[in-house]
Amino acid sequence: MILATSDSIEGREITQTIGIVRGNAARARGLGYDITAGFRNIFGGAVPEYSKLMTETRDEATAQMIRNAEQAGADGIVAVRYMTSMIATGVSEILAFGTAVKLR
């Protein structure tokens with residue numbers, strides 16, 4: 001599966017637009033994350049615990065989007081975008097979406 005944030009894929013021709021595909025994942029941070037992040041907040045610096053959590057969530061949403069595109073018979077997904085929202089205190093959702101296409 002070829003993913004692109006652009007509307008086309010260099011060297012390939014889009015022969016059919018299948019439609020919008022998406023994947024979403026939500027994760028809650030845990031007490032361990034909050035304690036560690038709280039110390040980092042006091043002393044400053046990056047918070048790799050939250051970065052790891054969001055990376056895993058984004059990867060899950062992307063994998064779900066790809067599965068949806070494969071089930072629809074797509075070879076690629078163009079115009080890939082990500083949106084993040086907080087759906088409850090301590091719970092974030094990442095939505096991955098794009099346009100599934102057939103390529104030549």
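Just the heavy atoms: all of them, side chains too, but no hydrogens, waters or symmetry mates, feed the values below.
Arg58 and Tyr82 get closest at one heavy-atom pair: CG-CE2, 3.6 Å. Here the closest heavy-atom approach between residue Ser8 and residue Ile14 is recorded as CA-CD1, 4.4 Å. Minimum heavy-atom separation, Leu3 to Thr62: CD1-CG2, 4.0 Å. Shown here for Thr57 and Ala25, the closest heavy-atom pair between the two residues is CG2-O, 3.4 Å.
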Next on the checklist: Applying side chain to side chain contact (heavy atoms under 4.5 Å, CB included) to Val91 and Arg27, what does each step give before you reach the verdict?
Outcome noted: CA-CA 6 Å; Val91 181; Arg27 296 268 173 105; over 6 Å; no
Checklist entry - Yes or no on side chain to side chain contact (heavy atoms under 4.5 Å, CB included) for Val78 and Asp7, after CA distance, side-chain angles and deciding distance? => result CA-CA 5 Å; Val78 295; Asp7 292 333; 5.6 Å; no
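Ile20 and Met1 fall into different hydrophobic clusters, where Ile, Leu, Val, Met, Phe, Trp and Tyr are joined by side-chain heavy atoms under 4.5 Å apart, directly or via other members. Ile66 and Ile2 fall into different hydrophobic clusters, defined by Ile, Leu, Val, Met, Phe, Trp and Tyr side-chain heavy atoms under 4.5 Å apart, directly or through other members. Under a hydrophobic-cluster definition in which Ile, Leu, Val, Met, Phe, Trp and Tyr are linked whenever side-chain heavy atoms come within less than 4.5 Å, directly or via other members, Met54 and Val80 are assigned to the same cluster.
Within a 6.0 Å radius of CE in Met83, other residues, nucleotides and ligands contribute 12 heavy atoms or fewer. Under a cut-off of 6.0 angstrom, the local environment of CD1 in Ile18 is crowded, with over 12 non-hydrogen atoms contributed by other residues, nucleotides or ligands.
Of the possible donor and acceptor atoms, one in the side chain of Arg12 sits under 3.5 Å from a partner among the backbone N and O of Arg104. Proximity of a side-chain donor or acceptor of Ser85 to a complementary backbone N or O of Ile87 within less than 3.5 Å is not detected. Distance alone, capped at 3.5 Å, is enough to place a donor-acceptor pair between the Asp75 side chain and the Leu103 backbone. Side-chain atoms of Lys102 come within 3.5 Å of backbone atoms of Gly73 as a donor-acceptor pair (strictly under, hydrogens ignored). The backbone N or O of Asn24 sits less than 3.5 Å from a side-chain atom of Gln64, completing a donor-acceptor pair. In this structure a side-chain-to-backbone donor-acceptor pair under 3.5 Å is present from Arg81 to Thr5.
For the atom pair CD1 (Ile94) and CD (Glu60), the distance works out to 9.5 Å, reported to the nearest 0.5 Å.
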